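What you see is a predicted model, and the numbers here were worked out from it, not measured in a lab. Just so it is clear: chains get the letters A, B, ... in the order the sequence lines come, proteins before strands, and each one is counted from 1.
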There are 4 protein chains.
Amino acid sequence: MTDLLIGLDDQTLTDRFVATRALTESLSAPLSAEDQTVQSMPDVSPTKWHRAHTTWFFETFLLEPRQPGYRPFNPEYGYLFNSYYEGIGPRYPRPDRGLVSRPGIAEIAEYRICIDRDMGRLLEDPGSESTMGLVELGIQHEQQHQELLLMDIKHVLSRNPLLPAYDTVCLPAPGTPSPVGWDSHGEGTYDIGHQGSGFSFDNEHPRHRVYLADFSMANRPVTGGEWIEFIDDGGYHRPELWLSDGWATVMGEEWESPLYWIPADGGWREFTLGGPIDVNPAQPVCHISYYEADAFARWAGYRLPTEIEWEVAASPLPVEGHFLDRGRLHPSPVTGPVPAAEAGPGNGPFGNVWQWTSSSYSPYTGFEIAPGAVGEYNGKFMVNQYVLRGGSCVTPPGHVRASYRNFFPPSARWAFSGLRLARNY
Amino acid sequence: MTDLLIGLDDQTLTDRFVATRALTESLSAPLSAEDQTVQSMPDVSPTKWHRAHTTWFFETFLLEPRQPGYRPFNPEYGYLFNSYYEGIGPRYPRPDRGLVSRPGIAEIAEYRICIDRDMGRLLEDPGSESTMGLVELGIQHEQQHQELLLMDIKHVLSRNPLLPAYDTVCLPAPGTPSPVGWDSHGEGTYDIGHQGSGFSFDNEHPRHRVYLADFSMANRPVTGGEWIEFIDDGGYHRPELWLSDGWATVMGEEWESPLYWIPADGGWREFTLGGPIDVNPAQPVCHISYYEADAFARWAGYRLPTEIEWEVAASPLPVEGHFLDRGRLHPSPVTGPVPAAEAGPGNGPFGNVWQWTSSSYSPYTGFEIAPGAVGEYNGKFMVNQYVLRGGSCVTPPGHVRASYRNFFPPSARWAFSGLRLARNY
Amino acid sequence: MTDLLIGLDDQTLTDRFVATRALTESLSAPLSAEDQTVQSMPDVSPTKWHRAHTTWFFETFLLEPRQPGYRPFNPEYGYLFNSYYEGIGPRYPRPDRGLVSRPGIAEIAEYRICIDRDMGRLLEDPGSESTMGLVELGIQHEQQHQELLLMDIKHVLSRNPLLPAYDTVCLPAPGTPSPVGWDSHGEGTYDIGHQGSGFSFDNEHPRHRVYLADFSMANRPVTGGEWIEFIDDGGYHRPELWLSDGWATVMGEEWESPLYWIPADGGWREFTLGGPIDVNPAQPVCHISYYEADAFARWAGYRLPTEIEWEVAASPLPVEGHFLDRGRLHPSPVTGPVPAAEAGPGNGPFGNVWQWTSSSYSPYTGFEIAPGAVGEYNGKFMVNQYVLRGGSCVTPPGHVRASYRNFFPPSARWAFSGLRLARNY
Amino acid sequence: MTDLLIGLDDQTLTDRFVATRALTESLSAPLSAEDQTVQSMPDVSPTKWHRAHTTWFFETFLLEPRQPGYRPFNPEYGYLFNSYYEGIGPRYPRPDRGLVSRPGIAEIAEYRICIDRDMGRLLEDPGSESTMGLVELGIQHEQQHQELLLMDIKHVLSRNPLLPAYDTVCLPAPGTPSPVGWDSHGEGTYDIGHQGSGFSFDNEHPRHRVYLADFSMANRPVTGGEWIEFIDDGGYHRPELWLSDGWATVMGEEWESPLYWIPADGGWREFTLGGPIDVNPAQPVCHISYYEADAFARWAGYRLPTEIEWEVAASPLPVEGHFLDRGRLHPSPVTGPVPAAEAGPGNGPFGNVWQWTSSSYSPYTGFEIAPGAVGEYNGKFMVNQYVLRGGSCVTPPGHVRASYRNFFPPSARWAFSGLRLARNY
C-alpha cells in the first residue's frame, strides 16, 4: 500500500488540504460500492458516509457562511451527512446510515470534486485568520475520519464470514519482544495541556498545573504474547480481576479474547485489514476495551497510567513511531532497544497502538467551549468515556502530539487500542 | 418498464427456466450496487441476496445431487445463501444479510451465469420426472423471490429520506371507483385445494371437502378513498374496532395510515416504486396489515372472507388481472363494470392486490410434508400467519391460481396487500 | 386441601354467587401478603389483583349501572383493577401490576366484603333477565380467574429458588399408564357450538355446521413417560420436528423439557403446587406449549386434533373428570380402562389437562360481538392464539363443557396444558 | 417520625451496633408486608431484602468465619441475600429480587433477632482489632442501606398511582432562599483523603497531595425555585446545554423536570415520602441526575465543583446539617445566613442533599484493594459513575465526613441528589 499514501509534510495550508482530501480517496480506493455502503453496528459508519461527511464539513462551516448566495450541492445532504451538530439542525439517525443506498459512490465522488474546486477558490484568498483556522480544523477533522474509516471498514469486513481483506498488507515475521523496562518520574508539579503555536483541539486546553507523585511507565506496550498468558491464566473467567461493569460486559458479550481474535488449533489467529493471520506474540495487543486493559493491569500487578502521567512521560520525546504512512495497517512488533527515549517505532509512546489511560474524559480546569456549532466539537462528549493517548498504526502522520486526547467508552474495542503499564514507584 | 419484462408463456421447461432467470436480472437492472446491498429490516433481503439465493436453490437441489463430483461455485455460498433450510446445514443469520458486502454484484452475476450454464446442460437431458419437478419448483421459487425483490427494494428505498424511485413508473389518472356489488354463494359442501395437472405447492393439498353457509363477496377490493374515510372517522384511534394485539401494534408502532402513506397538506401521498405520488382514491388500498384489514371490515359493518370462501368464489373465474407483466408496479384503479365475472383487471380476485382472509395459515386435512430438505418449503410456517389470496401487481404472471395460498404474520405490511369484504348473507 | 373447597352444585344464583366468592378466598388463604403481591412475568397477575379485579367486575358491570347514585368503594380502583376493557377507560399497565403494594390484602378483603354485601342486596331482587345474565357472567368470569390465580401463583413460587409449596398436596403413587386406544369417527357433516339453555360464552356461538373427514382420537392424553421418550430421542434438538417459530423459541428460550421440569440425577423432577416431586410417567404431561405439542405429535407420527374434531368426539360424553374439587392441584395418572366412553377421571376429554388443538382461535361463522364493554370479552383476542379444550385439574367444577373454548398464544406454557393425539384414519 | 429514631452518639461499639440494628427496624415499621416485597426497578431492592442483606453481612463476614461449627440460619440465604460479592459464590439475580415472596417479613424479623443474639455474644468478647473493624464496617454498611431503604421505598411508592405516603412527614412552610454568596479558595497544593483515627471506607485512601487553581464555591445548594427558572427557560429542550449522552437520555426518557416532580395547574408538585406536596422554591432541588446538574450549571454560567474542590472547601467545617435524625425525610429550605462557615442546617456542605461533583469515581493515587471478599466493597465500582459529596436528609447522622465519597451513574436520579455551583475565580 506504500505508494497509496501521500506525504503530508508540505508547507502550505492549500497543499495540506489537497493532500488530506486525496488521502481519503486513496483509502477508499480498494473498496467496492457494496463495501462502502455497509454499516455493521451503530458506532460504525459506511465508507461513503465518511467521504461525504468530511466534505459536508467544509461546505457547511466554510463555503456556506463565507460565500454570499452559496447554493448547496444538494440541500438534502445537510440532513444526511451532519454527524452530531445539534446547532445545524435535524439529522438522519446514526444507526440507520447503512440503510441509505443513494447517493452512491459516484455521486459522492462528484460531491467531493465539486466542493474541492470551491474550496480551492476560497483558499486562493482565505482572507482571515479565522477562515484559515477553520480550514485547518477541517483538515484535522478529516484526518480523524481517515482513521475511523479504517477502523470501521475493518469491523464491516470482519462480520463477513468470508473474512475478506481490505487490501494486501505486508506483515513482519514474528520476533521476540524486548524485555520490559521502567522509566521513572519524580513527584512534583507539572504543567500539562497544549503549548506552542501548532494546531490543537479545544480539549487540550488550557495548559494547567498538576501535582504528581512518583511513578514509572513501562517502556513498551503489552504484547500479544503477554495477553495469551493472561488468557491462559483464566483472565476472562476470574471476576476478581474485573471492574463490576467490565465483568457484566464479559459475561453478556461472552468475551474470551480481544476483538478480532479467532481460536485456531489451540492457538490464536486474528483478523486484520490484510485478512486473517496468526497472532504475533511480539506485537502489541490491540482492539481491547478499557475493561480488558484494566483487568490485565490488575492481573499483572500494575495499573494503567493516568493521562497526566502519560503526557508528562511523553512530552520530552519526539512524535515518532509507526503511523499510517508505513502502510502496514497493523501494529509492529516491539523488538527494539529498551529505553523509551531510544525506542524503536513500536515501543515509544507514539503510534502503533492507542494506549488506554485510567482517566475519565473530562474538561481541564478552565476549559471553555467555543461559541457556535463548531463548538460542539469535543466538550459534549466529556462523560462516560476514557482517554487514550499516543496514536496508532492507522493514524495519519502529523496528526497526534503529546497533549492529544482521544476517547472511547470503556466497552469499545474497534479502535486500534492497546495498553502500556504504570506503577507507583 | 414495459420492454423490461419477458413473456413467460413459452412452452418448454427450458424456455421457462431461461425466461424466469432473465426476468430476475431485468428486475435488478435499475438498481445500483449500493441499492442491491442494503437490508432495511430483518424481513427484507438485499437484492443481491435474492439473486444469489435463487441461484443457490438450483445449485443445491439440482446440480449438486445430480452431477457426480460436482464442485460448488464457491463452498461458502451454501452458508451465505441458504434461507431457512435446516436440513442443509447452518446458515448466515437472516437479520445480518445487509452486513455482507462481498460477494458483490459482479461476482453474483457471474454466479448466475455459471449456474445457468450448468443448468442448461442438465436441462438438455433432465432424465427423470422428479428432476423436472424440481426445476419447476425452482422456477416457481424464483418467481416468489421476484415479488419479494420488489417488495423489499420498495421498503429499502422508502427508508431513504430522498425517497428515490426504483424506476420510472407510468401511473393512470385518478378516477371514480365502481360501486360495490355483492356476489352471493349458497350454503353446501364444496371441494377446495388444488386440482388438475399444473404445478402447485404442497400447501394447496390435499383437495378436500368443506361445508359453507351462505355468504357474499364484494365484487371489488376496498379503495384508497374508502380508507381515507376510515381514517377520517378515527379508525386508527378507536380501540373498539381492533383486535387486542392489533390495537397494541397500532399504539406501539404509532400507525396512522397504511405503510408508505405520507400526510401532505390535509391529504395523503404515498411512496411507490416510481417515487411519491398522490393517493388515488379509486385505487385499491395497499400495504395494510391483517390487523388493519380486520379493523376496517368491522368499521364497515362487514367481515373478511375465509380463505375457503375466497377460493370457492374465485375458482370459476379465469386467472386474469393486473400482474407484473403490466410493468406498473402499483395497483390499478377499480373503475370497471360491476359483476366480478366480467370484472376489469383491477376488480376481479386475481392480481392488483393480495387479499387478506380471516384464515390462519394451517395444514389442510391430510396434509403431508415432503421428505428431505425441499420438504421444509411450506409446512413449517403454518403458525402465527394469515392467508392472503389472489396475487398482486408485482406477482409474475402465471404464478398464482385460485388455490394458491400466500401468508404473512398479521402485523406485516410490506407486501402488496389489500382486502375484499365479505358478509354472511 | 379437601375441606377448603366449597360445593358448587347449589341451585340458586345467589347460592352460586356466594360459593364462588368464597372459593376465591379459600384459594387465597394459604398465601401470605407477600405471596399475593408478586408478579413473576407480564402474563401473571398477583393474587391480590385477581381478588380485586373479580370484585371490580361486579362493581362495574352490576352495581354502578344498576344502583342510582352509586358511590364506588374507591374511585381509583377502576384504574387499578380494570384488566383490558378499553370501553371503561384508561387502566394501569398490566406488566406493572406487581409494583402496586397498596391496597394491601386487608383492604382488598374489605373491598370484597363490601361489594358482596351490596351484591347480596341486588340479588334479593335482581329484577331483569339481563341482570341475572350479568351475575352469571361475573360468576363464570371469577371461575376463570380462580384457575388463573392457581396458574399464576405456581409460576410465582417456581421463580423462588427455595421452591416453596403453595399448600400440602396429596399425590398418588406412580403407576403404569393404560395403553393408547383410538376412538374413530366417520366423515360427514356435524353441528358444533353451544346448544341448550345453560350458560355459555359468546365465542361458542353460533352453533353451526361443519364437514369432517374420517378421524380418530387417542383415548387418553400423552403421558410424562412418553414425553421422556421424546426428550431422550432428541426431541428438543431436531429442527425437522418443529414449526419454524417453535424452533426459534426452543433456541431462544433454551427449552429442554416442559416448564417446571428439573433435571435430577439422570431423571426428571417437576415443581408442583405442593413443591418439587419426581415426574410420574403415568401422569399426563403438563405445562407444554402449542409448539411442543405440535412437535411431539409429529415425532409420534400423529397430529393434533382440530377443535372441531375434539368437540365432535367429546360432545356425547358426560362432563366428568379430575377438576379443582378433587383438591389435588396436579394431574392424575391415566391408568384407567381403555374406551373413552368408560374412561377414568384422568383419561376422558374433560379435566386433568387442557388439550391443545391445531385450531387457531377465530370467530365461528356468524359470530357477533355483544354491544358495550362486556362485549370485549372474547372476540378481540381472536388472533395469534390456539384453542385448548377440556379443562384441567385446577378448573372449577361445572365451569367447562364440550363446546368450551380456552385459548393461549402458541408459546405459552404456564397453563395446565397437555395434549391428546389424533390421526386421519 | 421524631420518636422513631434512636440516637447514635453512644460510645461503645456494642451500643452502636444495637442502635443501628434498631434503626433499620424503625425505618421498616411503617411499611406493610406488601410494601416490603416490591421492587420497582432493577436498581431498587425490596425493604425486606435490605433487612435480610444487612443481617447476612454480619452472619457471613463475622459469625461464620469466627464461630467454629457455625450453622447458618438458613443455608439458602447466602444465595438469596448476597448483593454482589463474587468471592462468596453465586447469587440470586438483582433484577429478580421482587419475585421472591418467601422468606416473608416475619421470617426475616426472626433472622434479624437470631443474628443479633449471636452477634451480642460475639461482641461480649470480640477478641481482635480486625473483628471490631469488621463490626464497624457492618454498622457503616447497614447505615448505607438505611439510606437506600428510604430511597428505594420512595421509588416504589411513587410508581403506585395512588401516590401513598410512607409516613406522616412534617414540612416547613415555603420561604425565600438566601442569596447566593461565593466562598473563594486560593491556588496551591492541598492534601485530600481521609485522615485521623475514625472509621473510613477504602475509597477515601490514601490521603494524597493535589494541586488546585483558584476557585470559589456557592455558599448554598441550587433551589427548586432556580430549577423552575431553568425549566421555564427551556432547559430540557435546548441541546446546547447538555452533554451528548445527557441529551440522548432527556430525549429517550422524556425528562421535563426532576424525578418525582408532577406538573399541576401551571406549577409543580412533587412526590415525597409524606405524599405529594407543592414544590418549595426555597428548598434545594433534589432527585436530579448528573446530566441535569451539569446542564443547569452550564445554563447558569458556572460549573460543578470537582470532588477535590468540594473536599478542600468542606474540610474545615463541622459535619453538621440536616440528616436523618431530624425525621423530615425531605430537604430543608435554605433560608439561613450567608457565609458557609455560619450556614444554617440546609446551606452548608453537609446533609440536606448530596451534591454532584464533576469527578468521575476513580481510585486515588496509591489506592489498594483489601484482600478477600470484603475487598469487593468499593474498588470494583470505579467506572461509569460520578462522585457525590456531603450526605442528605436521609443519611444517618454520624455516617458522612468531608472525605466521604458517594457515587452513582450519571443518569441516576432516585438518590436525594442536588448540586452546589462552583466557578474558576
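- Only the side chain of B/W247 comes within contact range of chain C, with heavy atoms under 4.5 Å apart.
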Go through it in stages, so that I can follow the logic: the residues are B/T365 and C/F215, the test is side chain to side chain contact (heavy atoms under 4.5 Å, CB included), and I'd like the CA-CA distance, side-chain angles, deciding distance and then a yes or no. CA-CA 10 Å; B/T365 311; C/F215 72 99; over 6 Å; no
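- Rounded to the nearest 0.5 Å, atoms CD (C/E368) and CZ (B/R303) are 10.5 Å apart.
- Note: B/M382 leads B/Q385, B/R423, B/M382 in heavy-atom pairs under 4.5 Å with chain C.
- Scanning all heavy atoms of the two residues, the minimum distance from B/I369 to C/R298 falls at CD1-NE, 4.3 Å.
- The part of B/V210 that comes within reach of chain C is its backbone (N, CA, C, O), which places non-hydrogen atoms under 4.5 angstrom from that chain.
- Taken from NZ in B/K380 to CG in C/D245, the straight-line distance is 10.5 Å, to the nearest 0.5 Å.
- Note: B/E86 CD to C/S244 OG = 7.0 Å, rounded to the nearest 0.5 Å.
- By number of non-hydrogen pairs under 4.5 angstrom with chain C, the leading residue of B/P410, B/A213, B/S358, B/S359 is B/P410.
- Here B/R209 contributes atom CZ and C/L212 contributes atom CG; the two are 13.0 Å apart, rounded to the nearest 0.5 Å.
- In this structure, B/N424 and C/G366 approach most closely via the heavy-atom pair ND2-CA, 3.5 Å.
- Here the shortest heavy-atom pairing between B/Y386 and C/N384 reads OH-N, 3.7 Å.
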